[in-house]
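Structure first, commentary second.
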Amino acid sequence: MKRTLITVASAMMLAAGLAGCAGSSAPASTAGAPSENATEAKTLTVFAAASLKSSFTGLAETFEAQHPGTRVSLSFAGSSDLATQINQGAPADVFASADTKNMDKVTGTGLVDGEPRVFATNTLAIAVPAGNPAGITGFQDLARDGLRLVTCAKQVPCGAATATVADKAGVTLRPVSEENAVTDVLGKVISGEADAGLVYVTDVKSAGDKVDSIPFPEAASAVNSYPITALTAAKDKESAKAFIDLVLGSDGQQVLAKAGFGAGVK
Amino acid sequence: MTFRPRQPYTGIPRWVSGLAVLAALVVVLPLVAIVARVNWGNFIPLITSESALEALGLSLRTSAASTLLCIVLGVPLALVLARASFPFQRLLRSLVLLPLVLPPVVGGIALLYTFGRQGLLGGTLQVLGIQIAFSTTAVVLAQTFVALPFLVVSLEGALRIGGQKYEAVAATLGASPGTVFRRVTLPLILPGLASGAVLSFARSLGEFGATLTFAGSLQGVTRTLPLEIYLQRETDPDAAVALSLVLVAVAVAVVALAYGRTGAPAGRGPIQRPTAPLTTGGSVR
């Protein structure tokens with residue numbers, strides 16, 4: 001019995017020791033800061049939707065050039081993953097979501113500092129393997145018998161947009177697969193497994209010449225808004241605001257437009 | 001302090017016990033977290049929704065099919081690896097075990113470039129009018145790919161431990177290799193085969209990455225329970241947690257079945273004698 005107690009106690013001490021290690025590293029860096037005055041390296045942590053990867057990577061470099069001494073740490077994932085992580089206490093300063101629904105999840109828990117602002121929009125496009133082997137010309141073609149269409153599942157933003165567009169166009173889609181992420185849809189088109197896939201305009205752009213894109217007018221019925229906001233947990237509110245200003249400013253809008261995004265709401 | 005000769009030595013340094021407790025916590029704590037997070041009030045409706053039941057049914061059907069495929073293909077492979085000797089045998093064994101350590105996504109990509117439209121066998125399959133990608137067949141293939149090594153490993157172990165004594169005796173009594181296999185080898189390796197099959201079933205049930213990459217995700221066709229959990233997590237975390245608990249429960253049952261009451265893998269225990277006594281003459285055909 002005594003032996004068991006000692007074992008448990010030693011395990012707890014070990015656990016406490018580990019926790020101590022984890023805890024001590026953070027204060028150590030802040031403790032050293034005052035002696036170095038204002039020149040210490042600051043880190044701005046930005047959580048951004050996966051579709052923003054190339055644009056935000058470029059913008060982060062611009063930001064670092066404009067703000068010497070501040071490093072931008074980027075974390076890209078699906079918006080719902082990021083929202084969950086933030087709500088579970090992940091240390092993010094800025095959150096850029098690919099839809100308002102996931103932004104609302106964070107706003108709902110009171111972790112958003114101020115009002116989220118829409119900085120970009122995205123619409124759907126039909127992606128087909130290079131050369132368009134199935135001869136798709138418009139949205140109506142996607143309902144063709146025997147066509148291997150891949151879309152997003154309705155639970156994720158691109159799938160919700162797909163459902164809206166199909167509904168408005170009065171077309172019944174029968175996809176062979178409903179994927180969790182737009183990148184999975186794109187992957188199946190690039191590999192030639194799918195005859196067509198519904199993805200965002202920006203995804204088609206990033207895929208280069210591996211896929212062809214067929215724009216369709218019905219896409220206008222589902223425009224996805226990308227909101228950005230600072231979070232209440234932000235250690236450096238000024239840097240967070242400066243980064244958001246960069247994204248909303250002409251530099252940011254230019255980079256985003258180049259990636260295929262529509263303009264945000266000023 | 002006194003030496004007790006009849007007791008087996010059980011001394012364990014305290015720091016080892018401490019780390020062992022920590023190790024157990026690493027595994028147990030997340031499972032406790034799932035149970036703690038379950039919305040019990042809605043548990044039954046959540047796990048009996050149409051999509052959940054279809055996913056569970058599909059998972060059970062495909063896992064059963066892939067386990068069967070593993071047995072049909074794995075028994076001969078294990079036998080050849082354990083008993084025959086041929087060039088590159090060790091290389092073949094290493095390659096067969098590869099799916100054990102390969103990230104499932106890599107398996108999915110490999111399968112895609114084997115059975116997919118543009119894949120190695122894609123052209124041939126297309127001529128035959130067989131379409132594998134996005135079908136339930138693709139799910140079974142992905143599961144078989146990742147689960148086969150479990151069966152082969154358990155079985156090869158059982159074959160090696162068992163040795164060839166009984167087979168040799170049967171052969172001297174005039175039994176053909178076919179008869180020896182049916183009447184002696186198979187009964188001998190049955191415990192190993194059983195535990196291997198259960199483990200293969202469990203691995204198939206949990207298959208996710210290769211399925212997602214290779215088979216796609218469509219309710220009732222390719223969306224197995226792990227894929228359903230992954231999707232539900234997007235909009236309905238409660239449903240995802242409830243379904244996770246279902247998979248945990250199935251996994252616990254499977255592990256209990258495979259490791260039995262003895263606490264040792266069923267296939268690794270002392271090899272039992274064949275249940276049907278070997279007799280000379282007519283009974284050994």
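In what follows, chains are A, B, ... by sequence order, proteins preceding strands, each numbered from 1.
Between the side chain of A:Ser79 and the main chain of A:Ala98, a donor-acceptor pair closer than 3.5 Å is present. Between the side chain of B:Asn42 and the backbone N or O of B:Leu46 there is no donor-acceptor pair closer than 3.5 Å. Of the possible polar contacts, none joining the B:Ser49 side chain to the B:Pro45 backbone as a donor-acceptor pair under 3.5 Å is found. Checked by atom type and distance alone, the side chain of A:Asp93 pairs as donor or acceptor with a backbone atom of A:Thr45 at under 3.5 Å. A distance-only check finds a donor-acceptor pair linking the side chain of A:Asp203 to the backbone of A:Tyr200 [under 3.5 Å]. Not one N or O on the side chain of A:Asp99 forms a donor-acceptor pair closer than 3.5 Å with the backbone of A:Pro157. With hydrogens and angles ignored, the 3.5 Å screen pairs no side-chain donor or acceptor of A:Ser97 with any backbone N or O of A:Thr100.
What you find for A:Ala96 and A:Phe56 is that their closest heavy atoms are CB-CE2, 3.8 Å. When every heavy atom of A:Phe261 is checked against every heavy atom of A:Ser55, the shortest pair comes out as CE1-OG, 3.8 Å. Minimum heavy-atom separation, A:Lys105 to A:Asn87: O-ND2, 3.4 Å. When every heavy atom of A:Asp195 is checked against every heavy atom of A:Ala134, the shortest pair comes out as CB-CB, 3.9 Å.
Applying a 4.5 Å heavy-atom cutoff, the residues of residues 174-187 of chain A that approach chain B are A:Pro175, A:Val176, A:Ser177, A:Glu178, A:Glu179, A:Asn180, A:Asp184. For residues 207-220 of chain B, the interface with chain A (any heavy-atom pair closer than 4.5 Å) comprises B:Leu212, B:Thr213, B:Gly216, B:Ser217, B:Leu218, sorted by residue number. Scanning residues 102-131 of chain B against chain A with a 4.5 Å non-hydrogen threshold yields B:Leu112, B:Tyr113, B:Gly116, B:Arg117, B:Gln118, B:Gln131, sorted by number. Residues from residues 221-254 of chain B that place a non-hydrogen atom less than 4.5 Å from a non-hydrogen atom of chain A comprise B:Arg223, B:Tyr230, B:Leu231, B:Gln232, B:Arg233, B:Glu234, B:Thr235, given in numerical order.
If you measure heavy-atom distances from A:Asn102 to chain B, you find no contacts under 4.5 Å at all.
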Test A:Ser51 against A:Tyr226 for side-chain contact (heavy atoms from CB on, under 4.5 Å), laying out the working first. CA-CA 10 Å; A:Ser51 47; A:Tyr226 282 57; 2.9 Å; yes
Start with the C-alpha distance between A:Phe119 and A:Phe95, add both sets of side-chain angles, then the distance that settles ring pair (Phe, Tyr, Trp, His ring centres under 6.0 Å), and finish with yes or no. CA-CA 12 Å; A:Phe119 65 95; A:Phe95 177 38; over 10 Å; no
Hey, mind stepping through A:Thr202 and A:Asn122 against side-chain hydrogen bond (donor to acceptor under 3.5 Å, both in side chains) and telling me if it holds? CA-CA 7 Å; A:Thr202 52; A:Asn122 214 347; 2.9 Å; yes
Run the side-chain contact (heavy atoms from CB on, under 4.5 Å) check on A:Phe47 and A:Val94 step by step: do they pass? CA-CA 6 Å; A:Phe47 276 26; A:Val94 174; over 6 Å; no
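Counting heavy-atom pairs closer than 4.5 Å to chain B, the top residue among A:Ala153, A:Ser191, A:Ala194 is A:Ser191.
Annotation: A:Arg144, atom CZ; neighbour count of heavy atoms from other residues, nucleotides and ligands within 6.0 Å is above 12.
Side chains of B:Ser204 and B:Ser66: a donor on one and an acceptor on the other come within 3.5 Å.
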